[in-house]
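Heads up: the structure comes next, in structure tokens.
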Amino acid sequence: MKSKGLLVVLSGPSGVGKGTVRQALFETDTNHDQFYYSVSATTRQPRPGEEDGKDYFFVSRDQFEGMIEDERLLEYAEYVGNYYGTPLQYVEEMTEQGKDVFLEIEVQGALQVKRRMPDGVFIFLAPPTMHELESRIVNRGTDAPEVIEKRMRQAREELQLVTQYDYVVENDNVQSAVERIQTIINAEHLKTDRFIDDIVENYLKEGDEIS
Ligand code: 5GP
């Protein structure tokens, strides 16, 4: 039996380690043929070492607004002065092919995805403490003090929306977080709803009905 690909939304405050956890998770896909990362578009400037097309599609405000107008984004949000958004076509194509597509996005965007694609899997990655979150952002060394303050305020607002998610995974340790996410993904693939199309198409005869 074939289960449909999952849309996995990995969300949570900036600095919580979404990228690190996602990369470690992807390393468990040893054949590189099940997990796919949706690269977002953003108007933020690249950080040192970031690559266009790999970390983000770095675009101008005009280009981004063009994408909104043409309805080419699954969701978008303005976050600390910049736009961030998920290109729709990639998500649709990969999930159609049975692949699991991962979005790493902030909470407002995650809630938009939930409204549009409620059968997605919504995971909130939480920091062990707020103090730990602040240390991680400070140690990253890429943000000015006022930006750090904004990110911390934003983080508290994001935590207030945690009940909108299906799962909470604490990122106390990358390996444990990865194992918990694997458990979630394995269980989600076994949900009845994900098999219905396959059962109707390949197991039943015309006139049979699923009740
Ligand atoms: P950063 O500037 O640190 O790369 O990202 C800032 C925040 O925007 C992070 O929480 C990140 O996960 C989120 N983000 C990245 N891409 C997207 C996206 O496509 N949509 C939304 N809504 N948030 C995003």
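Model, not experiment: these values are computed from the prediction. In this chain, residues are counted from 1 in sequence order. Order of appearance sets the numbers: ligands from 1, and atoms from 1 within every ligand. Just so it is clear, the values below take in all heavy atoms, side chains as well, and ignore hydrogens, waters and symmetry mates.
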- Tell me, which residues have any heavy atom less than 4.0 Å from some atom of ligand 1?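 Lining ligand 1 at under 4.0 Å, by heavy atoms, one finds Ser14, Lys18, Ser40, Arg44, Arg47, Tyr56, Glu75, Ala77, Tyr79, Tyr84, Gly85, Thr86, Glu104, Ile105, Glu106, Gly109, Arg151.
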- Query: In chain order, what residues pass the side-chain hydrogen bond (donor to acceptor under 3.5 Å, both in side chains) check against Lys191, with sequence neighbours excluded?
  - Reply: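 side-chain hydrogen bond (donor to acceptor under 3.5 Å, both in side chains) list for Lys191, sorted by chain: Glu188.
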- Query: What distance separates Phe64 CZ from Asn82 CG, expressed to the nearest 0.5 Å?
  - Reply: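 Between Phe64 CZ and Asn82 CG, I get 9.5 Å after rounding to 0.5 Å.
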- When rounded to the nearest 0.5 angstrom, what is the spacing between CE in Met94 and CZ in Phe102?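 Separation between the atoms: 12.5 Å.
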- Query: Is NZ or CZ of Arg22 both nearer than 6.0 Å to the six-membered ring centre of Tyr37 and within 45° of the ring axis?
  - Reply: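 Checked: cation-pi criterion met.
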- Query: Tyr84 and Glu78: side-chain donor and acceptor closer than 3.5 Å?
  - Reply: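 No.
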- Message: Is the shortest side-chain heavy-atom distance between Ser11 and Tyr165 below 4.5 Å?
- Response: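 A side-chain contact under 4.5 Å exists here.
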